[in-house]
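Input: a single structure, listed below in structure tokens.
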There are 2 protein chains.
Amino acid sequence: MEELNERYQEVLYYIIEEYIVTASPVGSKFIAGKCSLNLSPASIRNIMASLEEKGYIYQPYFSAGRVPTSSGYKFYINSILKTKKISKQQKADMRSSFNISGKDIKKILWQAINLLSEISHYMPIVLAPERTYANLLHIEFIKLDKLNILVIMVFEGGFVENKIISADRDYKQIELSKYSIKLNEIINGHNIDELKDIIIEDIDKERESFFSLLNGIIFNFDLVKNEIDNENDYLFIGSRMNLFDEPEFSNYEKIKSLIKAFEDKRTIIKLLELTKRKEGIHIFIGSDTEWSDINGLSVITASYRSKKGFAGGSIGLIGPSRMNYALAIPTVNYIAKLLCDII
Amino acid sequence: MEELNERYQEVLYYIIEEYIVTASPVGSKFIAGKCSLNLSPASIRNIMASLEEKGYIYQPYFSAGRVPTSSGYKFYINSILKTKKISKQQKADMRSSFNISGKDIKKILWQAINLLSEISHYMPIVLAPERTYANLLHIEFIKLDKLNILVIMVFEGGFVENKIISADRDYKQIELSKYSIKLNEIINGHNIDELKDIIIEDIDKERESFFSLLNGIIFNFDLVKNEIDNENDYLFIGSRMNLFDEPEFSNYEKIKSLIKAFEDKRTIIKLLELTKRKEGIHIFIGSDTEWSDINGLSVITASYRSKKGFAGGSIGLIGPSRMNYALAIPTVNYIAKLLCDII
DNA sequence: AATTAGCACTCAATATTAGTGAGTGCTAAT
DNA sequence: ATTAGCACTCACTAATATTGAGTGCTAATT
């Protein structure tokens, strides 16, 4: 990232701040009025011309005002932006808006989404805790009928995964409970990869009696690992309306391409998975990602992680590139922190 | 519903069939060419004028062609329409596109949604089986940490509900398992309302030992009953794209009002709940419902129900009022039947 | 009496044109 | 180095004209 002298930075700053509010190209006259430098519009125009040469802003058409480019936003975020501090009062409000009692993790994640939605007016997304590296707490077999057995796997933090396996014979529930207990003895503190090995090796002695169940479980471990298979339980998407109210999406074609892009959750999942192991805030701007489907969008993400274990996921906020970063960044950050505490 | 002589019916029929395809007003010349009656456009116009008087069609503006009204569609569906029979081959295809092994009910319902989406190109919706009247199969307590206990409730058909309750003291997992077993002994074949009474009355003798757990369960029974609380696990909505591709929603305002209407799932839930106890197909046309949010939509619904028990829900298809009823109705019907078999 | 050809009329949709104004780049004066 | 002055660009808006599919009505036809 190139250096910019102070005068240039100030002009870029005001262009972006204004564009964030109005969503229309910003002209030299406006900047001249706003700027503390007390320069005439003509001078500002010179500065703008060279900011454009450096690639930070551009003109949508000859003789329009200037609009920030992706690198413009990037520079702004990295070098100019001062994020707002969240007041203690606001922090307390956010914390207390989580109503935990009687709620499983999924509900809590939805609460996070709604909170983000209310505060930011952009589109929140949440990736549920990954199950691959999370420790299993409990496995239970429940007989549904002659041929079908429900396997319930509870992961640390309270995330539950259900799978149905078909039995090789008609197990009695009592029998199943016995096997549940046996498995639960070896489960403690292992993730599914480790358990797979343990089951394959250690249970050999008497495994004939419930061989098909064990096989079923191992098979389902693989299903659980492939989180994409679980899309609807893995990625939660908040209200789209806020985004669609933004002026850049106020035409038919754009709104349709947006809906299409969000309907296939896999691209968003990929994006969030990039960051779920990493600390801190990550920001994707415009066409930075391979996610070329949609230009003009930015994504702010932060990961969360339970204190004791390895289970973690990430939360994010999708908005127009001209989003209010000063507010959005600390909000995403703080809600991720809250989730760490709660889970 | 008034009687219509054959000639009138034929004209109405062709107007609707054509409008279903083109989505634009149908003129007399076209009908004259299509009709087996061999009448001139002028005669058709006379017939159209009196169909309009009866309220089956209308002109969007003076000197446009005719468009069916809600009552027009209703008459068409009840008296003229001959639904397509689904061939054995198609039925077999549909059946085999369900991949049941290793899938819990939720996944199967999603498969139903995807199937409906592929076949119909409208927007499928599915209401998960109601839990209030479904029998409980299994209850399990799992210790998450000192203060939190996960309660897993498995309903017939394999639907699983998780709730977290906070404990009054630090239960050991072994202890919790004991209580699980005790509860499971009395559970069999009762729904949550019945169980509530049983728990309150019958377990009195030694309930002091896990009094708070029982209380927690009873409280959660009430939560489970209030299915609206579970929106995201109760109503599943399929791909919206198909609907948005329909020409009547090809402008910004309409598409936005549609999105808004679907974002609040409660209206759709109410609609589906009206029919989930009733046999057979139900069709809501245009502004028939109190669901005045959106005109120009129709909803086809059918209920499904597991054979043994009382647990049932419904599936539906939302499309423009000018939807292809001949195909959509038997498809919804057959998929509902398939669900009955599978669950 | 039922049907139809003929015709004037309506009105959405599309294309055409003109006018407006915010904003620019360049040049010459400060 | 800065700025006032000016001609120029181009999206946006409004006003106007054109087109054509479709109608209702009347009078002629079967």
Side-chain angles (χ1 to χ4, degrees), chain A residues 4-8 10-12 14-16 18-19 21-69 72 247-248 250-254, chain B residues 5-8 10-12 14-16 18-19 21-69 72 247-248 250-254 296:
Chain A
L4 279 188
N5 83 41
E6 203 175 322
R7 173 176 292 188
Y8 281 50
E10 188 164 346
V11 172
L12 180 56
Y14 282 114
I15 290 176
I16 293 183
E18 178 65 8
Y19 187 71
V21 178
T22 64
S24 46
V26 183
S28 56
K29 198 171 157 195
F30 176 86
I31 299 295
K34 212 80 182 177
C35 225
S36 64
L37 305 166
N38 272 332
L39 290 175
S40 75
S43 311
I44 301 290
R45 280 204 286 281
N46 288 330
I47 298 175
M48 282 169 137
S50 77
L51 277 174
E52 180 159 24
E53 209 165 288
K54 293 179 202 293
Y56 295 120
I57 54 179
Y58 79 100
Q59 290 177 289
Y61 52 87
F62 180 89
S63 90
R66 298 311 206 292
V67 169
T69 61
E248 39 266 87
S250 65
N251 84 52
Y252 176 63
E253 284 310 323
K254 294 234 180 86
Chain B
N5 84 43
E6 202 175 322
R7 171 174 295 187
Y8 281 50
E10 188 164 346
V11 172
L12 180 57
Y14 282 114
I15 291 176
I16 293 183
E18 179 64 8
Y19 188 71
V21 177
T22 63
S24 46
V26 183
S28 56
K29 199 171 158 194
F30 176 87
I31 300 294
K34 211 82 182 178
C35 224
S36 64
L37 304 164
N38 271 333
L39 290 174
S40 74
S43 311
I44 300 290
R45 280 204 286 281
N46 289 328
I47 298 175
M48 283 169 135
S50 78
L51 278 173
E52 179 159 24
E53 210 166 285
K54 292 180 204 293
Y56 295 119
I57 53 180
Y58 79 101
Q59 291 177 288
Y61 53 90
F62 181 88
S63 90
R66 297 312 208 289
V67 169
T69 62
E248 38 266 88
S250 64
N251 83 52
Y252 176 64
E253 283 310 321
K254 294 234 180 87

| Rounded to the Å, how far apart are A:L37 CG and D:dT3 P? | 10 Å
| said: Can you measure A:N251 atom CG to D:dA11 atom P for me and round it to whole angstrom units? | reply: 16 Å
| Sugar-phosphate or base contact per nucleotide [nucleotides 20-30 of chain D; S, B, -; heavy atom under 4.0 Å] | --BBBB-----
| said: Donor-acceptor check, side chain of A:E10 to backbone of A:S36, threshold 3.5 angstrom: yes or no? | reply: yes
| field | A:E18 (side chain) donor-acceptor with A:V26 (main chain) under 3.5 angstrom | value | no
| query | Quick one: is B:R7 getting a side-chain N or O under 4.0 Å of the C:dA2 phosphate, OP1 or OP2? | reply | no
| task | Starting at atom CD1 of A:I31, determine the distance to atom C1' of C:dA22, rounded to an integer number of angstrom. | result | 15 Å
| Taking the side chain as C-beta and beyond, is there a heavy-atom pair between A:Q59 and A:V67 under 4.5 Å? | no
| With distance as the sole criterion, is a donor-acceptor pair present between the side chains of A:Y56 and A:T69 under 3.5 Å? | no
| Test side-chain hydrogen bond (donor to acceptor under 3.5 Å, both in side chains) applied to B:S40 - qualifying residues, sequence neighbours left out | B:S43
| task | Sequence neighbours left out, what passes side chain to side chain contact (heavy atoms under 4.5 Å, CB included) with B:N251? Give chain and number order. | result | B:E253, B:K254
| field | Runs of at least three consecutive pairs that involve DNA chain C, where pairs are Watson-Crick or G-U with distances under 3.5 Å | value | C:1-30 with D:1-30
| B:Y252: what forms a side chain to side chain contact (heavy atoms under 4.5 Å, CB included) with it, not counting sequence neighbours? | A:S250, A:I255, B:K256
| said: Taking salt bridge (Lys or Arg N to Asp or Glu O under 4.0 Å) as the cut-off, I'd like each qualifying pair that reaches into residues 38-52 of chain A, sequence neighbours left out, listed once. | reply: A:E52-A:R66
